[in-house]
Amino acid sequence: MSTTSVSGTIPNTDRIEDLPEEGATAPSGIDTAELGRILLGRWPEARLEARKRAEDPRFHSQYDMSFDEQRKVTFEQLKLLTEAGPQYLGMPESVGGAMSPGANLSAFEELVLADPSLQIKSGVQWGLFGSAVLNLGTEEHHQKWLPSILDLSMPGAFAMTEIGHGSDVASIGTTATYVPETDEFEIHTPFKAAWKDYLGNAAVHGRAATVFAQLIVNGTNHGVHCLYVPLRDENGKFLPGVGGEDDGRKGGLNGIDNGRLHFDHVRVPRTNLLNRYGDVDENGVYSSPIPSPGRRFFTMIGTLVQGRVSLDGAATIANQAALSIAVRYAEQRRQFTTDSDIREQTLLDYQRHQRRLIPRIAETYAMTFAHQQLLDKFHEVFSGEDDSDGNRQELETLAAAFKPMSTWSALDTLQECREACGGAGFMAKNRFVQLRADLDVYVTFEGDNTILLQLVAKRLLNDYSAEFKNADVGVMARYVADRATEAGFNRSGLRKLTQAFQDTGDSRKSVNALRDPAAQRALLTDRVQTMVGDIADELRAVARKSRTEQADAFNTNQNRLLEAARSHAQLLQWEAFTAGLEKIEDPDTKRVLTWLRDLFGLHLIEQDLAWYLSYGRLSMRRGRALESYVNRLIARLRPYSLELVDAFGLSPELLRAEIGGTVEAERQAEAEDYYRRLRASGDAPVKEPKPAKDPGAQTRGNHA
């Protein structure tokens, strides 16, 4: 996945009429029905059916109880969900499934609206434990274990993470050593740092686990593999050699029984090895269809990418819910008199409140369209439509790019919406606080966000290096010259954006070029390419030096690498938003959504304005004009804010927030009616008159 390139010059867009200024005819409104259908994506039936289930009070969050009670309730909810059968959507027909991975994740993501604990517990059972058997095992394993996993008669855990190695799975300490005398594997955690930890279903409910361990056969370590390992008997008692502890209360998701596991020379049959990518035969001979140990490891880990994909979707839905509540409240809540002595101002009419919410609506639309592309890619790979190595790598990189952006955005949006709703937002009944607590760990599990962005950055560097892999001396000489003079930048058409406006100095004209999508794409792309190019040059300079010097150089550039990856992910979101506009047929809806896309792009540029100015990509004049233009664009979108969140299609039963309904409008109407009747009665108290001015006050003040 190389960064998008823009060739040619930016067209001349210095026309005032292109701006969405006050004189233009405003769109009459948004076709929320059409837009809502588009936002549901490729599997609307699965989403709508999941939302209908999520409206059922039996699946709703239970926070007013001890965490032991909450665990019991969540497990009972999981049993109810099992009866509904959504877990079969992504499973093969051989076990009664529909083999529609995209529909499966679409339904799973919507569970966050019911209860994040239920969503993640179901994800542990079917998306991790079950998927490990499905994707790492063979047909024999599918027939043996999947039926009991799917009907919940065998609750299980996914035992990959260790206390000593969270993100660095390749270095885990647990071993699975082949014992030829008994044709078994011996599972062992040789030290405490090798204990499996933070595992859902491990503390109470799990009776088996898919355990990741270093596979040792005849003294050779073949790297990390996965085995099916029984944990407890039918009464919930640990089997011999298996032990564990309860992780206890957490900051959120307390309906899930997270715990740690350890193994003391636990034996399992050789056939418990999930052997799709690596096998040991009855003679104790190891074989694999993938000769390279490194490629084999990343292939096995890559089959479990659905966790990252689904968290990206769930975080996006959480954003939609938070903004639906906050915007509805802001449209009703009135505070302070401004242009009237008797009628207070609606919160969403204040510029700062618009700044808090409307750019986040734009970001959430970008996340939604980006997630649709990610989910389509996931379905292509896991349905077999396109299971090529290149497509798998593309999927893994997209998931590693989008999951950090959406999960961080969810925490930011939930907090901002909470604050934007004042004290009411802090009340548990209005959902923000507990949703944020539950989603907090989304930035950590299924791949720590910082580590994932580092994976994206390495892919960017590899793509960049590949461009010069077969370059001759002449090509490299021209590249060096271009880097020195920034001739490539001058040819790209970006130069026009850096020039201060020379004719009228009109700030509206100064930002006019930025409204063109080619200009936005060019700026966002140039930031990524320039950052990656700078870092690649520094790393290339130490390529032939010692390993220590190379590691030091990489570490010195790590922060810039992560920034480049973040900017790349944002560029991909912008691209997805732009592609999404093509699906809209209603002209008024398309016009408003184009403004929203422009706001997303220009707000990104505004956030990184220091970089664009310091690298000469924008002139000082246009840099200064950008803030005022973004403000005008936000104000232009303000009348459509409620329609934009209505298009998310989240019912009151899904939002379950008092302030997301009409309660505030009713309070405001009651207060307004009271004061109207009081004024009409003639009994209203008069205001205390202001004190008369003291003519000597100014003199005394000057003397002092």
Side-chain angles (χ1 to χ4, degrees), residues 32-56 59 81-82 84-93 95-114 116 118-120 122-123 125-127 130-131 134-135 150 303-321 364-387 391-392 394-395 398-399 402-403 406 446 573 576-577 579-580 582-585 647-651 654:
T32 55
E34 180 201 17
L35 185 55
R37 286 192 297 271
I38 292 170
L39 295 178
L40 285 172
R42 182 174 168 183
W43 295 275
E45 296 84 2
R47 288 198 183 277
L48 291 174
E49 190 173 340
R51 288 183 181 184
K52 186 176 181 180
R53 279 194 297 272
E55 290 180 346
D56 188 336
F59 292 117
L81 190 63
T82 303
Q87 70 273 25
Y88 287 92
L89 284 171
M91 290 292 167
E93 294 178 2
V95 292
M99 202 53 200
S100 180
N104 177 50
L105 285 202
S106 295
F108 171 75
E109 292 160 4
E110 300 291 338
L111 270 177
V112 74
L113 296 168
L118 175 60
Q119 183 201 30
I120 299 305
S122 69
Q125 177 67 19
W126 301 311
S131 286
L134 173 64
N135 294 311
L150 289 168
T303 62
L304 306 171
V305 71
Q306 74 177 46
R308 294 168 186 172
V309 177
S310 61
L311 290 186
D312 175 55
T316 299
I317 293 169
N319 266 24
Q320 294 177 359
T364 300
Y365 267 80
M367 288 162 51
T368 302
F369 287 120
H371 180 67
Q372 289 181 0
Q373 292 188 350
L374 176 60
L375 197 55
D376 287 349
K377 183 71 66 178
F378 171 79
H379 184 79
E380 286 177 7
V381 169
F382 284 88
S383 69
E385 289 180 7
D386 183 356
D387 192 15
N391 216 32
R392 277 185 174 268
E394 185 84 1
L395 169 63
L398 282 174
F402 289 156
K403 185 262 187 181
S406 59
E446 298 301 324
Q573 289 177 327
F577 200 155
E582 300 306 313
K583 302 176 183 178
I584 302 170
E585 296 182 0
F648 295 145
L650 303 181
S651 66
L654 293 173

Roughly how far, to the nearest 0.5 Å, is the [atom2] atom of [Y] from the [atom1] atom of [X]?
{"X": "T316", "Y": "M367", "atom1": "OG1", "atom2": "CE", "answer": "3.5 Å"}
{"X": "R37", "Y": "T32", "atom1": "CZ", "atom2": "OG1", "answer": "9.5 Å"}
{"X": "Q320", "Y": "L650", "atom1": "CD", "atom2": "CG", "answer": "6.0 Å"}
{"X": "T82", "Y": "Q125", "atom1": "OG1", "atom2": "CD", "answer": "7.5 Å"}
{"X": "N104", "Y": "E109", "atom1": "CG", "atom2": "CD", "answer": "9.5 Å"}
{"X": "L113", "Y": "L118", "atom1": "CG", "atom2": "CG", "answer": "11.5 Å"}

Check for a donor-acceptor pair, side chain of [X] on one end and backbone N or O of [Y] on the other, with a separation under 3.5 Å.
{"X": "R47", "Y": "A107", "answer": "no"}
{"X": "R308", "Y": "A399", "answer": "no"}
{"X": "N391", "Y": "D386", "answer": "yes"}
{"X": "Q87", "Y": "L150", "answer": "yes"}
{"X": "E385", "Y": "H379", "answer": "no"}
{"X": "E110", "Y": "A314", "answer": "no"}

Would you check if [X] and [Y] make a side-chain contact, meaning some heavy-atom pair closer than 4.5 Å?
{"X": "L398", "Y": "F378", "result": "no"}
{"X": "R42", "Y": "L375", "result": "no"}
{"X": "L395", "Y": "V309", "result": "yes"}

Practice problem: Applying side chain to side chain contact (heavy atoms under 4.5 Å, CB included), run through M91 and M99 and close with a yes or a no. | Solution: CA-CA 5 Å; M91 290 292 167; M99 202 53 200; over 6 Å; no
Practice problem: Validate the cation-pi geometry between R392 and F382: distance from NZ or CZ to the six-membered ring centre under 6.0 Å, angle to the ring axis within 45°. | Solution: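 Pair R392/F382 counts as cation-pi.
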Could you report the tightest heavy-atom contact between [X] and [Y], atom names first, then the distance?
{"X": "Q573", "Y": "A370", "result": "CG-CB, 4.0 Å"}
{"X": "L111", "Y": "S122", "result": "CD1-OG, 3.5 Å"}
{"X": "P116", "Y": "V112", "result": "CD-O, 3.7 Å"}
{"X": "S106", "Y": "G102", "result": "OG-O, 2.8 Å"}
{"X": "L81", "Y": "W126", "result": "CD2-CZ3, 4.0 Å"}
{"X": "H371", "Y": "D312", "result": "ND1-OD2, 2.7 Å"}

Practice problem: Check the angle between the aromatic planes of Y365 and F648 and answer parallel, tilted or perpendicular using the 30° and 60° thresholds. | Solution: tilted
Distance-only side-chain donor-acceptor flag, [X] / [Y], under 3.5 Å:
{"X": "T303", "Y": "N135", "answer": "no"}
{"X": "Q372", "Y": "K377", "answer": "no"}
{"X": "S131", "Y": "Q306", "answer": "yes"}

Quiz item: What's the verdict on side chain to side chain contact (heavy atoms under 4.5 Å, CB included) for F402 and L311, showing C-alpha distance, side-chain angles and the deciding distance?
Solution: CA-CA 9 Å; F402 289 156; L311 290 186; over 6 Å; no
Practice problem: Run the numbers on R53 and E49 for salt bridge (charged side-chain N to carboxylate O under 4.0 Å, His left out), then give the verdict. | Solution: CA-CA 6 Å; R53 279 194 297 272; E49 190 173 340; 3.5 Å; yes
Self-check item: side chain to side chain contact (heavy atoms under 4.5 Å, CB included) assessment of W43 paired with D376
Solution: CA-CA 10 Å; W43 295 275; D376 287 349; 3.7 Å; yes
Quiz prompt | L89/L105 under side chain to side chain contact (heavy atoms under 4.5 Å, CB included): CA gap, chis, key distance, verdict | solution = CA-CA 9 Å; L89 284 171; L105 285 202; over 6 Å; no
